[in-house]
Participant: 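Could you have a look at this structure, given as structure tokens, before my questions?
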Number of protein chains: 4
Amino acid sequence: MNFEDIRQQAYAANMQLPKLGLVLFTFGNVSAADRSRGVFAIKPSGVPYDELSPEKMVIVDFEGKIVDGNLRPSSDTLTHAVLYKYWTAIGGIVHTHSTYATAWAQAQHDIPIFGTTHADHCTVDIPCAPPMDDSMIRGNYEFETGFQIMNCFAERELNYKEVEMVLVGNHAPFTWGKDAAKAVYNSAVLETIAQMAMLTKQINPAAPRLKEALITKHFERKHGPDSYYGQ
Amino acid sequence: MNFEDIRQQAYAANMQLPKLGLVLFTFGNVSAADRSRGVFAIKPSGVPYDELSPEKMVIVDFEGKIVDGNLRPSSDTLTHAVLYKYWTAIGGIVHTHSTYATAWAQAQHDIPIFGTTHADHCTVDIPCAPPMDDSMIRGNYEFETGFQIMNCFAERELNYKEVEMVLVGNHAPFTWGKDAAKAVYNSAVLETIAQMAMLTKQINPAAPRLKEALITKHFERKHGPDSYYGQ
Amino acid sequence: MNFEDIRQQAYAANMQLPKLGLVLFTFGNVSAADRSRGVFAIKPSGVPYDELSPEKMVIVDFEGKIVDGNLRPSSDTLTHAVLYKYWTAIGGIVHTHSTYATAWAQAQHDIPIFGTTHADHCTVDIPCAPPMDDSMIRGNYEFETGFQIMNCFAERELNYKEVEMVLVGNHAPFTWGKDAAKAVYNSAVLETIAQMAMLTKQINPAAPRLKEALITKHFERKHGPDSYYGQ
Amino acid sequence: MNFEDIRQQAYAANMQLPKLGLVLFTFGNVSAADRSRGVFAIKPSGVPYDELSPEKMVIVDFEGKIVDGNLRPSSDTLTHAVLYKYWTAIGGIVHTHSTYATAWAQAQHDIPIFGTTHADHCTVDIPCAPPMDDSMIRGNYEFETGFQIMNCFAERELNYKEVEMVLVGNHAPFTWGKDAAKAVYNSAVLETIAQMAMLTKQINPAAPRLKEALITKHFERKHGPDSYYGQ
């Protein structure tokens, strides 16, 4: 089997989505990239998770062209391709319609940074990119979705290496990371943060954002040069 | 066993309801139709899911008359019969009291189309038919429930082939599709849409409906003539 | 083993509580009565569900006196005893702290009858008995809890054979039925009704109560003389 | 293996966290103390629960110095150490980011005592310690977190032997008890109380606190000198 390593990675990462409660039926997809060969492996479109196998993963290049595989790739493939092409440090991407993150996307609100669970993973509010212009929607939709995400990061001067998650307004979340496993981890974290933030607002509509010193402390202890979390 | 194929389909589809978390005890039923013979197989009334078997499914014609089977059919049988009789392209029907969809029905509100998860399956708000007149309730109640659903679609000029789900006000949801498996799929999708819409309103009471270009795009990519979702 | 039949019934019914998601740790208890001998079998106090067995059930009479068993009975035993003594058609009682029903009890609100799921089981709002007077609390508390429930039914002219569930204000729900299995069934139904009613109010704070014709229809089709639900 | 008993206790207690739904990934840790030797066993930092074993637990003294073990201890170790050092009756400590308790911490609200489920375990509102001063955050953060908790208890004149749980504002809950198993029990109870209180406020924003007589009665029947709960 060609591209066995990334097919295996993409397969294993896709299978985590139902296990983590992040997808209903086929509402999600994960890809895993091999930068040395300029390709990624992605879930085939509309195939139920319990019928997946590593060899069913489709190999696509960063222009969105199919390189290997018998099945049609995920309908979101071009969004993955654009992000891989321009954000050159990414090794894995996940798209889901997980319940709470999608509700924030539908509400067209950033997820405010309310606590250390959020700050452990990201120092800013989770950005919600605005819905696209009609011309972009009617054009090459999935391709433009990638640009919508990148434009949102550019306007807000966010670094995709530090903020590994985004909501696309009226749509749903995308997450990424150094590899597919990390991108899946980020999807589960995002869903939890989204639920906690929603509940926080229910309990106290005037809940303040986390203060700067705590944001810095928690992010640094996990990700800074002197981090002391993990082994 | 007579009608083995639709009995098996109805059995398999009914067994999906508890697995998908859509029913408590016996609060739901699925039927599967065979149009060539003008009959459908439906769950027997009040029998727990773990005591079901294909041969226990009851065979009923489109007038609601029992054709084969030893058990009493679901108390909602006449609603199924009416819908099969007049909506001639339907092959399966599901009724549940799934939590979030039922809450919207009890609130007597349509479910607004807030995002692409909804638009992937339906281009309009999920309609909530008004509660019936007292004379209809006191008359042939389950029979009239079918007409209440069809009248709601007629008044709003909705096509049952495009909108495969409805809430009956103060009661609960019904869904349908080309076969029983698709109708069950629609029940699970409806429950997810109902939960997301409720959360969206909690986060942002002024959340706008999805804009037209996105509604069209998402529905077309799954269901249009140039659809590119699935295999 | 003495009283083997009711010990077995009480054991089986108690084991349903964690399975149905109605209890955390030991926060609940079920009893099963044998009216011919004037006794009931009840869960021992504070024993984890996975350490229960039929022979550990304690046999108590309707005055609350222990008749057989080596363990101390549930701390709520006197409430069960009082209800068995005065409500002579009851064969099983359940007490839980299930999440949504307890939230309504804490809110000191009746659960409004918003839909047919509720009407299938009960034709009125689920009553919430007011918290007890301080003198009753400081006196024979669990004994008085039984009277608080019966007084609430007397004042509202409710029939315990038709309304098989109650919230005790600031505390939690009690349910009952012809036997322990039916009482457990009612506990699960109550929890679902409580969740749906809470969500209904979130979606539409002005949601109307179910109209009389639907209340009657749904209750009658399950419980009336011409009922046609079940086998 | 050295310290086999507390390593085993800490291991078993840590494994309860995912089982009880209190942690996502590695977002939590439990420790178990041996006061005769002045040490505690704690989860290693960032190790997934399904890769844990008793021998991986790290042994630390009450100053926070590692005594035995090959892995780095939890990043929250110093908070545990401080609490063990000053609250001399504690035998186990748990830290989680459980969803509802964390939402209350993020809302910076005490959890009001709304019902008997709460009073069975604690006679006061669950305290939410304020977020720390910036100088404490930038200093020895985890060490100061322990003092923040103790200061909160001192100011409110609470006794850590009676109130075995706290929310740290903007962060998450800590619980403790006579041993690690009791501390885990308290974490699950706290999460349930937090969810019920949030729902109570949704149903009735003006819900009153539990009255004094019920608070006393329920706490005393489980914990007073004449308690009659359990065996």
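Every chain is numbered from 1 and lettered A, B, ... according to where its sequence line falls, protein lines coming before strand lines. All heavy atoms count here, side chains included; hydrogens, waters and symmetry mates do not. What you see is a predicted model, and the numbers here were worked out from it, not measured in a lab.
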Participant: Go through the steps for D:Phe27 and A:His121 under the test ring-ring contact (aromatic ring centres under 6.0 Å, His included), then give the verdict.
Facilitator: CA-CA 12 Å; D:Phe27 302 5; A:His121 301 94; 5.5 Å; yes

Participant: Roughly how far, to the nearest 0.5 Å, is the OG1 atom of A:Thr216 from the CD1 atom of D:Ile137?
Facilitator: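 Here the rounded value is 9.0 Å.
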
Participant: OH/D:Tyr100 to CD1/A:Ile203 distance, rounded to the nearest 0.5 angstrom?
Facilitator: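 Reported to 0.5 Å precision, the distance equals 9.0 Å.
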
Participant: For A:Asp50, does the CG atom have more than 12 heavy-atom neighbours from other residues, nucleotides or ligands under 6.0 Å away?
Facilitator: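 More than 12 within 6.0 Å, yes.
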
Participant: side-chain contact (heavy atoms from CB on, under 4.5 Å) for D:Trp104 and A:Asn204? Distances and angles first, verdict last.
Facilitator: CA-CA 8 Å; D:Trp104 281 93; A:Asn204 181 5; over 6 Å; no

Participant: Counting only non-hydrogen atoms closer than 4.5 Å, does D:Ser74 touch chain A with its backbone (N, CA, C, O), its side chain (CB onward), both, or neither?
Facilitator: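 Nothing of D:Ser74, per the 4.5 Å heavy-atom cut-off to chain A.
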
Participant: Are the side chain of A:Gln231 and the backbone N or O of D:Gly46 linked by a donor-acceptor pair below 3.5 Å?
Facilitator: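 It does not hold such a pair.
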
Participant: What is the distance from atom OH of D:Tyr141 to atom OG1 of A:Thr116, rounded to the nearest 0.5 Å?
Facilitator: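 The distance works out to 5.5 Å.
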
Participant: How many angstroms lie between NZ in A:Lys217 and CE in D:Met132, if you round to the nearest 0.5 Å?
Facilitator: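 Separation between the atoms: 9.5 Å.
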
Participant: Can you confirm whether or not the ring centre of A:Phe114 sits under 6.0 Å from the ring centre of D:His171?
Facilitator: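 No, too far apart.
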
Participant: Where do D:Ser45 and A:Gly230 come nearest, in terms of heavy atoms and distance?
Facilitator: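 Looking at all heavy atoms of both residues, the closest pair is OG-N, 2.6 Å.
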
Participant: Give me the atom names and distance for the closest heavy-atom approach of A:Gln202 to D:Gln202.
Facilitator: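 Smallest interatomic distance, heavy atoms only, reads OE1-NE2, 2.8 Å.
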
Participant: Should D:Asp76 and A:Arg221 be marked as a salt bridge (Lys or Arg N to Asp or Glu O under 4.0 Å) after you check the CA-CA gap, both sets of side-chain angles, and the distance that decides it?
Facilitator: CA-CA 11 Å; D:Asp76 298 298; A:Arg221 75 176 197 162; 3.3 Å; yes

Participant: Does any heavy atom of chain D fall under 4.5 Å from the side chain of A:His218, the backbone, both, or neither of them?
Facilitator: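 For A:His218, side-chain heavy atoms alone lie under 4.5 Å from chain D.
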
Participant: Could you look at A:Thr117 and say if it's the side chain, the backbone, both or neither that has a heavy atom under 4.5 Å from chain D?
Facilitator: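 Looking at A:Thr117, backbone and side chain both touch chain D.
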
Participant: With a 4.0 Å cut-off, would you call A:Lys211 and D:Asp133 a salt bridge?
Facilitator: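 Between D:Asp133 and A:Lys211 there is no salt bridge, as every charged N stays at least 4.0 Å from the carboxylate O atoms.
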
Participant: Could you give the distance from OG1 (D:Thr102) to CG (A:Leu199), rounded to the nearest 0.5 Å?
Facilitator: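 CG of A:Leu199 is found 10.0 Å from OG1 of D:Thr102.
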
Participant: Quick check on D:Gln195 against chain A: is it the side chain, the backbone, both or neither that has a heavy atom closer than 4.5 Å?
Facilitator: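 Interface part for D:Gln195: neither.
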
Participant: To check you understand the geometry: which heavy-atom pair defines the closest contact between D:Pro131 and A:Leu214, and what is its length?
Facilitator: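 For D:Pro131 and A:Leu214, the tightest heavy-atom pair comes out as CB-CD1, 4.4 Å.
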
Participant: Can you name the closest pair of heavy atoms from A:Pro208 and D:Gln108 and give their distance?
Facilitator: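 What the structure gives for the nearest pair is CG-NE2, 3.7 Å.
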
Participant: D:Ala107 and A:Ala207: which non-hydrogen atoms are nearest, and at how many Å?
Facilitator: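 Minimum heavy-atom contact is CA-CB, 4.3 Å.
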
Participant: If you compare all heavy atoms of A:Ala213 against all heavy atoms of D:Arg138, which two are closest, and at what distance to 0.1 Å?
Facilitator: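 Smallest interatomic distance, heavy atoms only, reads CB-NH2, 3.9 Å.
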
Participant: Among A:Pro205, A:Ala206, A:Ala197, A:Ala188, which has the most heavy-atom pairs under 4.5 Å with chain D?
Facilitator: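 Winner by heavy-atom pair count: A:Ala188.
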
Participant: Would you confirm whether D:Arg72, through its side chain, and A:Tyr228, through its main-chain N or O, come within 3.5 Å as a donor-acceptor pair?
Facilitator: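 Yes; at least one donor-acceptor contact below 3.5 Å.
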
Participant: Just so I understand: if I count every heavy-atom pair under 4.5 Å between each of D:Lys201, D:His109, D:Met198 and chain A, which residue has the most?
Facilitator: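 With the most close heavy-atom pairs to chain A, the winner is D:His109.
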
